[in-house]
Amino acid sequence: MLTNKPILHQQIHKYLVHDKCSVYEKKGKMRKKFLPFSRPLISEEEIAAVGEVLRSGWITTGSRTAQFEKSFSSYCGCKGAVALTSATAGMHLLLSALNIGPGDEVITPAMTWVSTVNLIVLAGATPVFVDVNHDTLMTDAEMIEPLLTDNTRLIVPVHFAGAAVDMEPIYNLARERNIAVVEDAAHAAGTEYKGQKVGMQGTSIFSFHPIKNMTTGEGGMFCADDKALTGKIRTLRFHGLGVDAHDRNQQGRTPQAEVLEPGFKYNMTDIAAVLGLGQLARLDDFIARRTRLAKRYLEQLADIDEILPLTISQVTSVHAWHLFIVRLDIDRAGMDRDTFMEELKQRNIGTGLHFRAVHEQRYYRTTMPQALGTLPNTEWNSARICSLPLFPAMTMEDVDDVVTAIKEVLAR
Ligand SMILES: *Cc1c(COP(=O)(O)O)cnc(C)c1O
């Protein structure tokens, strides 16, 4: 199931040289230096490449962005890719391209980042929350089907933590009824579903926010096998002109280009794209390193009854290990999750929360109170999940420190 190729020793050494977090001294049992839950890994070569773009005279969308789009589409095998300022921008463009608005329903898990649901609401459409599997945190066709109505326009499954949603039955369900599907692939750069990269089929949106598996500072990529849709996203990305400044200046298109339809301003800069090119070249190494760290966690946590890792979906042929999420058995532990996180922080261990269910956040609690209590697996996990530190520059000792701290907190 976890088929990432092993990482070379020199490569690990390279990570360690760049990682100031790993240089720590032990004082008693507790770490002296704070271990963040995530940290991007930027190489000197990437920094130099960014410098080169800055000196080149062309810093916005240009040849580097075009090259990054090409490289990313050949990496995941998709037909078309459009580089954006964020994954959130991608979702905004898609809702706009599909003309989703008042009266339309969009099915999404509430166990996701808030951006999707915010945009559905801002478009004037109605979010319909689907529950997730208790142990993978991902939705499936069986849970989605009963929620379909004549107004359903779009389904947004979320690949979680680096594992894959079982997409085939969802696409089948949607195709029969002419409903669009977009895969939230923010966690899934490098993830393989049944032996194929996420992004290869259908429509997917990736994120390059600094905590994701690869980063461009901020950034996103829209990937689709539908040429017309990709073209529309490309147009809407840049004012609805159909061409961007680079096209106009470098590829001989005229500055007289007209607005074909009102668009947005979500184009990626070449500064970000050149960083993306460097990161993409190292993505498989990052994932291999993450996989080793995750395996260490799984081994070390196996005999701690209060800590429940996620289950890996059967259809995940490569897990990208974006996050290492555990659930705290709050009854056994005798403390709630927030206390657990705070206790770890006091022991210099950073943690994350992915995610607090959207429908439990203030705006949605207030405007959609009817959703509360209808998503048992989402709600159970929302109160218990916690993301442990996981990033390529971490060492095995860092993992052991986290586990030691967890044992200490639970022994209290
Ligand atoms: C990070 C994330 C997003 C948003 O990505 P941005 O690039 O920050 O806009 C969307 N969905 C999920 C599940 C995420 O984790």
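Atoms within each ligand, like the ligands themselves, are counted from 1 in listed order.
Each salt bridge (charged side-chain N to carboxylate O under 4.0 Å, His left out) pair with one or both residues in residues 133-150, not counting sequence neighbours, appears once here: Asp135-Arg327, Glu145-Arg177.
A heavy-atom distance below 4.5 Å is not found between the side chains of Leu35 and Asp401.
The only member of Phe206, Phe355, Phe324 that meets ring pair (Phe, Tyr, Trp, His ring centres under 6.0 Å) when paired with His187 is Phe355.
Between His92 and Phe264, the ring planes lie tilted relative to each other; the angle falls in the 30° to 60° range.
Evaluation of the side chain to side chain donor-acceptor pair (under 3.5 Å) rule for Asp184 yields no partner, not counting sequence neighbours.
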Dump the pairs for me: ligand 1 N or O, protein N or O, distance under 3.5 Å, to 0.1 Å.
residue: ligand 1; atom: 5 (O); partner: Ser207; partner atom: OG; Å: 3.2
residue: ligand 1; atom: 7 (O); partner: Ala87; partner atom: N; Å: 2.9
residue: ligand 1; atom: 7 (O); partner: Ser207; partner atom: OG; Å: 2.7
residue: ligand 1; atom: 9 (O); partner: Ala87; partner atom: N; Å: 3.3
residue: ligand 1; atom: 9 (O); partner: Thr88; partner atom: N; Å: 2.8
residue: ligand 1; atom: 9 (O); partner: Thr88; partner atom: OG1; Å: 2.5
residue: ligand 1; atom: 11 (N); partner: Asp184; partner atom: OD1; Å: 3.4
residue: ligand 1; atom: 11 (N); partner: Asp184; partner atom: OD2; Å: 2.7
residue: ligand 1; atom: 15 (O); partner: His187; partner atom: NE2; Å: 2.7
residue: ligand 1; atom: 15 (O); partner: Lys212; partner atom: NZ; Å: 3.0

Quick one: side chains of residues 106-113, donor-acceptor pairs under 3.5 Å with protein atoms, not counting sequence neighbours, listed by atom name and distance.
none

